[in-house]
Amino acid sequence: MAFATLASGCASAPTSRSTLPWSNAQQVVVVVTPDWNANQGALRTYERADGKWRQVGESEPVTVGRNGSAWGLGLHPDPKAGPLKHEGDGRSPAGVFGIGDAFGYAQHADTALPYDAMQASHYCMDVSGSPLYNRIVDAQAVGAEAVAGSTEPMRLDLHSAGDQRYRLGFVIEHNPQARRDAGSCIFAHLWRKPAESTAGCTAMDDPTMTRLLAWLRPDQHPVFVLLPANEYASLHDAWQLPTLEPMP
């Protein structure tokens, strides 16, 4: 499985909905954190009706990178200020991103998203410079040498004493162009326990993930938004983001 190619960031902030790369999104998953260095946040989901965003469900707690967040590479314009995401920095990518395939340990999942059942031979390549960088691949298909050095086996339960974090999840399409050292293997996945931060993903409890996977629909062009509260407030109008009630 390869990450889908997305439009890269443009040079200046868009000023109307029609110019936004995500203007056709009818569903959005929003994660807001207190600041760039916070490793916890709140997740909300919205759907668009009659041109307006309506919240679906309740706000739920999530954790993000152990060192907070930093601007990633997605659908949003190039940032003018703030930290930039790079490989191994322990930060979750901030911005607006496409939502890719769902994945998990079972053969099937209750989701309309394309779903990939992971086996012991599946890895996400976090080796910058590899031609497979930022892709989930099957070692049986690409060869054991091709996945050498990856620290991201997708069956954590089989590689790490029953670890359930990747039992259910979906791809957050950060760095789809696989830019060297810009960060890789960014997912929404389960947490092992509340308040446990991640290496750069967004983690949540089982009911929240189950609800997300059942709700998300590819034909609604869903996107994933992660921003610190101040950035969210300043970009709210230009990016046509949902209004948070109340703002963090």
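These numbers come from a predicted model, not from an experiment.
Annotation for Asp35: atom CG counts as buried by contact number, over 12 foreign heavy atoms lying within 6.0 Å. Residue Glu58 places its CD atom among 12 or fewer non-hydrogen atoms of other residues, nucleotides or ligands, all under 6.0 Å distant.
The SG atoms of Cys185 and Cys201 do not sit under 2.5 Å apart.
Between Ala117 and His122, the closest heavy-atom pair is O-CE1, 3.8 Å. Nearest approach of Leu73 to His76, heavy atoms of both residues: C-CE1, 4.2 Å. Heavy atoms only, all atoms of each residue included: Glu231 and Trp36 are closest at CG-CZ2, 3.6 Å. Across all their heavy atoms, Ala38 and Val64 have their closest contact at O-CG2, 3.5 Å. Pro222 and Leu216 make their closest contact through CB-CD2, 3.7 Å (heavy atoms, listed as atom of the first residue, atom of the second, distance). Between Thr111 and Ala102, the closest heavy-atom pair is CG2-CB, 4.2 Å.
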Determine whether Met154 and Tyr105 satisfy the following criterion, side-chain contact (heavy atoms from CB on, under 4.5 Å), listing intermediate values before the conclusion. CA-CA 9 Å; Met154 296 303 296; Tyr105 298 167; over 6 Å; no
Test ring pair (Phe, Tyr, Trp, His ring centres under 6.0 Å) applied to Tyr166 and Phe187, step by step: CA-CA 9 Å; Tyr166 289 177; Phe187 310 132; 5.4 Å; yes
Given Glu173 and Ile99, is the side-chain contact (heavy atoms from CB on, under 4.5 Å) satisfied, shown in steps? CA-CA 6 Å; Glu173 293 182 324; Ile99 290 176; over 6 Å; no
Trace of the side-chain hydrogen bond (donor to acceptor under 3.5 Å, both in side chains) decision for Thr45 with Arg211: CA-CA 10 Å; Thr45 51; Arg211 179 176 74 84; 3.0 Å; yes
Evaluate the side-chain contact (heavy atoms from CB on, under 4.5 Å) criterion for residues Met204 and Leu43: first the C-alpha distance (whole Å), next the side-chain angles of each, then the deciding distance (0.1 Å), finally the verdict. CA-CA 9 Å; Met204 63 200 69; Leu43 179 147; 3.9 Å; yes
Audit row: Phe224, Thr202, side-chain contact (heavy atoms from CB on, under 4.5 Å) steps and yes/no: CA-CA 11 Å; Phe224 184 93; Thr202 296; 3.7 Å; yes
Criterion side-chain hydrogen bond (donor to acceptor under 3.5 Å, both in side chains) on Tyr133 and Glu87, from CA distance to verdict: CA-CA 11 Å; Tyr133 184 53; Glu87 188 69 45; 2.5 Å; yes
For Arg155 and Asp157, run salt bridge (charged side-chain N to carboxylate O under 4.0 Å, His left out): C-alpha distance rounded to whole Å, both residues' side-chain angles, the deciding distance at 0.1 Å, then the answer. CA-CA 5 Å; Arg155 283 300 298 266; Asp157 59 329; 2.8 Å; yes
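For Val147, the side-chain contact (heavy atoms from CB on, under 4.5 Å) criterion is met by Tyr123, Met125, Val137, Ala139, Val142, not counting sequence neighbours. With sequence neighbours excluded, the residues satisfying side-chain contact (heavy atoms from CB on, under 4.5 Å) with Pro61 are Trp191. Checked against side-chain hydrogen bond (donor to acceptor under 3.5 Å, both in side chains), Thr208 has the following partners two or more places apart in sequence or in another chain: Asp205.
Side-chain contact check for Arg179 and Asn134: no donor-acceptor pair (N or O, by modelled atom type) lies under 3.5 Å. Between Ser184 and Asp126, the side chains place no donor N or O within less than 3.5 Å of an acceptor N or O (distance only, hydrogens not considered). For the 3.5 Å distance criterion, the side chains of Ser128 and Asp181 fail to qualify, holding no donor opposite an acceptor.
Here the NZ-OH distance, from Lys52 to Tyr46, works out to 15.5 Å after rounding to the nearest 0.5 Å. The CG atom of Leu226 sits 11.5 Å away from atom NE2 of His174, with the distance rounded to the nearest 0.5 Å. Taking CD of Gln220 as the start and CD of Glu47 as the end, the distance is 8.0 Å to the nearest 0.5 Å. Interatomic distance, CG of Leu113 versus CG of Asp110, reported as 10.5 Å (0.5 Å rounding). Put simply, CZ on Arg91 and NZ on Lys85 are 9.0 Å apart, with the number rounded to the nearest 0.5 Å.
Between Asp116 and Phe170, the closest side-chain pair of non-hydrogen atoms is not below 4.5 Å. Between Trp53 and Thr243 the shortest side-chain heavy-atom distance does not fall below 4.5 Å. For the pair Val225 and Phe97, the minimum side-chain heavy-atom distance is 4.5 Å or more. Counting heavy atoms from C-beta on, the side chains of Val127 and Leu132 never come closer than 4.5 Å. For the pair Val30/Leu241, no side-chain contact is recorded, criterion being any heavy-atom separation below 4.5 Å from C-beta on. Taking the side chain as every heavy atom from C-beta outward, Leu213 and Leu168 approach each other to under 4.5 Å. Counting heavy atoms from C-beta on, the side chains of Thr198 and Ser92 come closer than 4.5 Å. For the pair Met118 and Ile136, the minimum side-chain heavy-atom distance is below 4.5 Å.
Sequence neighbours left out, the pairs with a member in residues 158-172 that pass salt bridge (charged side-chain N to carboxylate O under 4.0 Å, His left out) are Asp163-Arg165, Asp163-Arg192, Arg167-Asp206. The side chain to side chain donor-acceptor pair (under 3.5 Å) analysis of residues 60-72, with sequence neighbours excluded, yields no pairs. Each ring-ring contact (aromatic ring centres under 6.0 Å, His included) pair with one or both residues in residues 135-156, not counting sequence neighbours, would appear here, but there are none.
No single ILVMFWY cluster, assembled from side-chain heavy atoms under 4.5 Å apart, contains both Val29 and Tyr115. A single hydrophobic cluster is seen to contain both Trp22 and Val32, as judged by linkage of ILVMFWY side chains at heavy-atom distances under 4.5 Å, directly or through other members. With hydrophobic clusters built from ILVMFWY side chains whose heavy atoms lie under 4.5 angstrom apart, Leu158 does not share a cluster with Leu190.
Here Asp219 pairs with Arg217 in a salt bridge; the nearest charged N to carboxylate O distance falls below 4.0 Å.
Looking at Gln164, its side chain does come within 3.5 Å of a backbone N or O of Gly162 through a donor-acceptor pair.
When ring centroids are compared, His189 and Phe103 stay outside the 6.0 Å threshold.
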